[in-house]
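For ligands, and for the atoms within them, numbers begin at 1 and follow the listed sequence. Residues: numbered from 1 along the sequence shown.
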Amino acid sequence: MAEFDDTYTSILLPQSRVAMYARDLQSIQAFKSLQSDWRFTRVSLDQLEGGVDQATIDLQSGKPAPSLLIIETDTIDDSFTAKLETLAGYCPEGTAAIVIGPVNDVNLYRKLIAMGISDYVVRPVKTETLAFDIARSLIERIGATGSRLVALVGAKGGVGTTSLAQAMAWGAADMLNQKTVLLDGAGGWSTLNVGMNFEPATTLGEASRTAAGNNQDAFKRMLFQASDKLQVLSSGGDVMLEDGIDADSYEALLDKLMTTYPVVIVDLSHSPTALRRIVIARAHQITLVATPLLAPLRSARSLLQEIKDIRADSESRVDLVINKAGMASRHEVSKADLESALDRKPSMIIEYNPALFMGAEGEGRKLNATAEGQDVVRSLLPLMLKILDGVTDTSSIANDQKQKNPLSGILGRLKTKS
Ligand SMILES: Nc1ncnc2c1ncn2[C@@H]1O[C@H](COP(=O)(O)OP(=O)(O)OP(=O)(O)O)[C@@H](O)[C@H]1O
Ligand SMILES: [Mg+2]
């Protein structure tokens, strides 16, 4: 297969189990090498000795059927297809199968496809071919789901929503090792390009039209590569005084990004209401940002109520983050009053620290470039970690947490006022 369709090759594959019964060393090698491929993070790859007979014995004995079976065979005569049919009798409906055989045989290929086998591949199998065939089978059977949508919304303008969206994006990419994309819905009002240090190369409308089309390269060019694991949609070229993108087109853009990135972070500051609504309705985690002053806290209370109306699970989905604590100490609402007024404890309180935040923004450097900034970024990780179960390689997180308790930095700075 010369060309691999991007729909299958550049997405995070769904949670599943693939069992390969093979003896050929090259096939086994190709299969094993998928373990280090980011697309297979959530796919458990079981490499087993044997072929169709062993697979049948295993399923007969009550072992759970995988999502996809890969069977290697040396024989392709009728006895083999008969055995396959027996094996199929033990597979639950929806189990996909790929056969790896010794020679090209059109008749066999047709017969296997007619039997419901996803593909027939001839040895030796290249890793990329195997990856493509597995990906296509899994997506066709299970569908491409599983990415996590993280939304940040400000109770008011200027509370630091964009800064914290960037901080979370760096945390997801640098500390949780997740392939992450950051975007906003602010169109021409976007300030993401300042903090992330790029020139806007597109508009939201153009990005969504390109995402819907087939020109993958053009779409890739609209993504600014901030680091190995972090990309940012380089929108912001929109006209400020014209209406931006409609909610359906924005949702289609999100859907596209969610087929490719395990973590999609949306900064909703300055976004049109319709966009905020659709993202809030869909997000796995929502960070509501407010400062400890009366006006933003009032808005936060109303917004929490409205989110509750559109999401039954709002209690567990929304995290309240109080930012810029200490900026106007004498006028700030105390932590106790804040908690009783909002009927919710803030998940995080972040101090007003202009040298850190405005310094990073002004110089276009990431917040976690300094130890102090790293503490803030690390303190935001728990908000994402709780929704990344099953998406992340938890070993890297465990290591990161072992090095430093994610809360240790910020806890010392929690403002406790009475
Ligand atoms: N904890 C903080 N301490 C000091 N300054 C901060 C803090 N958080 C954010 N800032 C600064 O506050 C300003 C506004 O932040 P930001 O642009 O992130 O807010 P926003 O809520 O996205 O605003 P907008 O409503 O305009 O989109 C920026 O200059 C940013 O560097
Ligand atoms: Mg903003």
For this session: Would you tell me whether Thr162 and Ser269 have side-chain atoms, one donor and one acceptor, within less than 3.5 Å of each other?
Result: yes
Problem set entry | Min heavy-atom dist Gly154 to ligand 1 below 4.0 Å | no
Problem set entry | Protein heavy-atom partner closest to atom 12 (O) of ligand 1 - residue, atom, separation in Å | Lys324 NZ, 2.9 Å
Exercise. Are any of the side-chain heavy atoms of Ile286 and Arg311 separated by less than 4.5 Å?
Worked result: yes
Problem set entry | Which residue and heavy atom of the protein sit nearest atom 3 (N) of ligand 1, plus the separation | Asn353 N, 2.8 Å
Problem set entry | Nearest-contact summary for atom 6 (C) of ligand 1 - protein heavy atom, Å | Phe357 CB, 3.4 Å
For this session: State whether the number of non-hydrogen atoms from other residues, nucleotides or ligands found under 6.0 Å of Lys156 atom NZ is greater than 12.
Result: no
For this session: Could you list the atoms of ligand 1 found under 4.0 angstrom from a heavy atom of Pro354?
Result: 4 (C)
For this session: Would you mind checking which non-hydrogen protein atom is closest to atom 22 (O) of ligand 1, with the distance to 0.1 Å?
Result: Thr162 OG1, 2.7 Å
Exercise. Gln285 and Asp319: side-chain donor and acceptor closer than 3.5 Å?
Worked result: yes
For this session: Say whether Ile350, considering both its backbone and side-chain N or O atoms, lies within less than 3.5 Å of an N or O atom on ligand 1.
Result: no
Problem set entry | Any donor-acceptor N or O pair under 3.5 Å, side chains Gln231, Tyr261 | yes
Exercise. Do any of the N/O/S atoms of Ser269, backbone or side chain, fall under 2.8 Å from the Mg ion (ligand 2)?
Worked result: yes
Exercise. Any N/O/S atom of Ser190 sitting less than 2.8 Å from the Mg ion (ligand 2), backbone or side chain?
Worked result: no
Problem set entry | Donor-acceptor pair between Asn353 and Glu372 side chains, under 3.5 angstrom | yes
Seminar exercise, completed: A student checking ligand 1 against Thr161 at a 4.0 Å heavy-atom cut-off should list atoms 18 (O), 19 (O), 20 (P), 21 (O), 22 (O)
Exercise. Considering distance alone, does some N or O of Glu351 sit under 3.5 Å from an N or O of ligand 1?
Worked result: yes
Problem set entry | Identity and distance of the protein heavy atom lying nearest atom 30 (C) of ligand 1 | Ser163 OG, 3.5 Å
Problem set entry | Euclidean distance, Ile349 CD1 relative to Thr291 OG1, rounded to 0.5 Å | 12.0 Å
Problem set entry | Distance from atom 31 (O) of ligand 1 to nearest protein heavy atom, with residue and atom | Glu361 OE1, 3.2 Å
Exercise. Looking at atom 26 (O) of ligand 1, what's its closest protein heavy atom, distance included?
Worked result: His270 CD2, 3.5 Å
Problem set entry | Atoms in ligand 1 with a heavy atom of Gly157 nearer than 4.0 Å | 25 (O)
For this session: Would you mind telling me if ligand 1 is within reach of the side chain of Asn323, the backbone, both or neither, using heavy atoms under 4.0 Å?
Result: side chain
Exercise. With a cut-off of under 6.0 Å to the ring centre and 45° to the axis, is Lys324 in cation-pi contact with Tyr352?
Worked result: no
Exercise. Do any nitrogen or oxygen atoms of Gly160 lie less than 3.5 angstrom from nitrogen or oxygen atoms of ligand 1?
Worked result: yes
Exercise. Can you check whether His270 reaches Asp184 side chain to side chain, under 4.5 Å on heavy atoms?
Worked result: no
Seminar exercise, completed: At under 4.0 Å between heavy atoms, what of Met327 touches ligand 1? The answer is neither
Seminar exercise, completed: Here the gap from Ser235 atom OG to Leu204 atom CG, rounded to the nearest 0.5 Å, amounts to 4.0 Å
Seminar exercise, completed: The protein heavy atom nearest to atom 23 (O) of ligand 1 is Gly158 N, 3.1 Å
For this session: Give yes or no for whether the N/O distance cutoff of 3.5 Å, strictly under, is met between Leu164 and ligand 1.
Result: no
Seminar exercise, completed: Separation between OG (Ser163) and CG (Leu356), nearest 0.5 Å, reads 9.5 Å
Problem set entry | Option set Ser269, Ser271, Gly195, criterion heavy-atom distance to atom 27 (O) of ligand 1, minimum | Ser269
For this session: Starting at CD1 of Ile245, measure out to CG of Asp238 and round the result to the nearest 0.5 Å.
Result: 8.5 Å
